[in-house]
Amino acid sequence: MRFDRRMAMAGLAVGAMMPAVAKALPQRLPPRLRRGDMVGLVAPAGLIGDAFDLALVTETVAAMGLVPKVGPSVLSRDGYLAGSDAARAADVNAMYADPVVKAVFAVRGGWGCARILPLLDWGLIARNPKLLVGFSDVTALHMGFAARAGFSTIHGPNAGGDWGKLSWDSFRAVAFEGGTPLYRNPAGDDDRLVQDAGRTRTLRGGRASGRLLGGNLTVLTALMGTPWLPDFTGAILFLEDVEEAEYRIDRMMTQLALGGVLGKVAGVVFGKCTRCISQGAGLGNFTLTEVLQRHLAELGVPVFEGLMVGHVANQFSLPIGVRAEMDADAGTLRLLEPAVG
């Protein structure tokens, strides 16, 4: 048996000595979005820039058929943050307190969501199920909501991100239509005998089902040992990242193993790791796939990589907390239940 499997299993014992993660809460369905609904725009992490950048965001939301309501602190600045921690948390709390607001969109990621977790009114949020939409640093909020709120959220494009056809169609199917789509990368259309674009790689075949949990690898591992992580027992773990060298991915996957997370999951989908290649490392380096194989292939659960999730121009919207089934041989993920009511 290789060391990776031993680390994952040893992590179960180590995890028993760490702060307990939140047990899975009964899931409720936030309302689906409908044309004409008002949605809140918040900047829980990095600053957005100026009013011209914000205008593009509000126009994007309006093009969805929704009415944007901009949080008071969205254009604020405190260093690299969009205002103080208290102000950013207040914007989120206010959107969940407003009965007219039907969902909450993060304008962008960056860094800062974890800083506001202790400042959010979790009782208020739990009493008012509404979709939270965003990705990257917003993973901290998704994990907090999965641990404390008891309703699904959507790991998908930030309001200020790219909204190509795949992104919009995927989001609409989940958030507006209440569908249970099959996520399969579109076939590439590059001019070559064998297509390379859109391919997935099976690291260990098979099928598994469980509730979807995950997001950005860096942000998720930064929450290890805190009370803001949900219980990953039986979950389908999905991960993505950007501009992380292979050794740092190795380090973070090791942390997930030692922390007991990898030993609990029913399957793993590693999405896109954009620009995660060291320059000039040569033969003395592991590839990303080799790093993932060493950590995941011997867990005894299905694993594949390459699903269109993460820092890419077009990405799928994955509802967190919703049951799904993965097929590692086919490179697909299918929702087993809707994310909205």
Side-chain angles (χ1 to χ4, degrees), residues 20-33 44 92 95-96 102-106 113-114 117 120 122-158 170-171 173-183 208-217 219-220 223-224 226-240 256 261 264-269 271 301 307 309-310 315-326 333-341:
V21 295
K23 293 183 179 180
L25 298 175
Q27 291 292 299
R28 293 167 295 152
L29 296 180
R32 71 183 62 199
L33 290 175
V92 175
M95 294 302 180
Y96 278 90
K102 302 304 181 184
V104 181
F105 285 68
C113 289
L117 288 173
L120 296 179
W122 292 103
L124 169 71
I125 292 170
R127 291 191 300 271
N128 295 279
K130 304 176 187 182
L131 286 176
L132 170 73
V133 184
F135 86 113
S136 194
D137 192 64
V138 185
T139 295
L141 297 184
H142 287 310
M143 293 296 93
F145 275 58
R148 299 292 185 93
F151 57 84
S152 57
T153 60
I154 291 183
H155 180 282
N158 297 316
S170 176
F171 178 74
V174 173
F176 282 77
E177 299 170 4
T180 54
L182 174 72
Y183 299 96
S209 61
R211 68 175 187 144
L212 277 172
L213 291 174
N216 182 265
L217 174 62
V219 176
L220 194 153
L223 293 176
M224 296 287 290
T226 77
W228 307 105
L229 279 184
D231 185 2
F232 287 86
T233 301
I236 302 297
L237 173 66
F238 72 92
L239 300 166
E240 62 84 24
L256 289 183
V261 171
K264 294 179 178 180
V265 301
V268 182
V269 177
V301 301
L307 194 68
V309 177
Q315 65 169 300
F316 294 124
S317 287
L318 299 187
I320 292 175
V322 170
R323 286 186 54 80
E325 180 183 62
M326 63 175 291
L333 186 66
R334 178 172 62 92
L335 296 188
L336 298 177
E337 57 189 8
V340 294

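Keep in mind it's a predicted model, so treat the numbers as computed, not measured.
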How close do [X] and [Y] get, counting heavy atoms only, and between which atoms?
{"X": "A140", "Y": "A114", "result": "CB-N, 3.8 Å"}
{"X": "G267", "Y": "M326", "result": "CA-SD, 3.6 Å"}
{"X": "I125", "Y": "F145", "result": "CG2-CE2, 3.5 Å"}
{"X": "P30", "Y": "L131", "result": "CG-CD2, 3.6 Å"}
{"X": "L29", "Y": "V340", "result": "CD1-O, 3.7 Å"}
{"X": "M95", "Y": "V104", "result": "CB-CG2, 3.7 Å"}

Among V268, V265, L220, whose side-chain contact (heavy atoms from CB on, under 4.5 Å) with L256 holds?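 Of the listed residues V268, V265, L220, the side-chain contact (heavy atoms from CB on, under 4.5 Å) partner of L256 is L220.
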Would the distance check show the side chain of [X] and the main-chain N or O of [Y] forming a donor-acceptor pair, the cut-off being under 3.5 Å?
{"X": "S170", "Y": "S317", "value": "yes"}
{"X": "D137", "Y": "C113", "value": "yes"}
{"X": "E337", "Y": "R323", "value": "yes"}
{"X": "R211", "Y": "A235", "value": "no"}

Please report the interatomic distance [atom1]([X]) to [atom2]([Y]), rounded to the nearest 0.5 Å.
{"X": "T153", "Y": "L132", "atom1": "OG1", "atom2": "CG", "answer": "5.5 Å"}
{"X": "L213", "Y": "I320", "atom1": "CG", "atom2": "CD1", "answer": "7.0 Å"}
{"X": "E325", "Y": "L182", "atom1": "CD", "atom2": "CG", "answer": "9.5 Å"}
{"X": "L335", "Y": "L333", "atom1": "CG", "atom2": "CG", "answer": "6.5 Å"}
{"X": "K130", "Y": "F151", "atom1": "NZ", "atom2": "CZ", "answer": "9.0 Å"}
{"X": "R127", "Y": "R28", "atom1": "CZ", "atom2": "CZ", "answer": "10.0 Å"}

What pairs with F171 under ring-ring contact (aromatic ring centres under 6.0 Å, His included), at least two apart in sequence or on another chain?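 By the ring-ring contact (aromatic ring centres under 6.0 Å, His included) rule, F171 matches F105, W163.
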May I ask you to check whether Y183 and F238 place their ring centers less than 6.0 Å from one another? no
Would you say that R148 contacts P227 through its side chain, given a criterion of any heavy-atom pair below 4.5 Å between the two side chains? yes
Any side-chain heavy-atom pair of L318 and V309 under 4.5 Å: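 SC-SC contact between L318 and V309 confirmed.
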For L117 and M143, run side-chain contact (heavy atoms from CB on, under 4.5 Å): C-alpha distance rounded to whole Å, both residues' side-chain angles, the deciding distance at 0.1 Å, then the answer. CA-CA 10 Å; L117 288 173; M143 293 296 93; over 6 Å; no
Evaluate the side-chain contact (heavy atoms from CB on, under 4.5 Å) criterion for residues L120 and L141: first the C-alpha distance (whole Å), next the side-chain angles of each, then the deciding distance (0.1 Å), finally the verdict. CA-CA 10 Å; L120 296 179; L141 297 184; 4.0 Å; yes
Take the angle between the ring planes of H155 and H142 and call it parallel below 30°, perpendicular above 60°, tilted in between. tilted
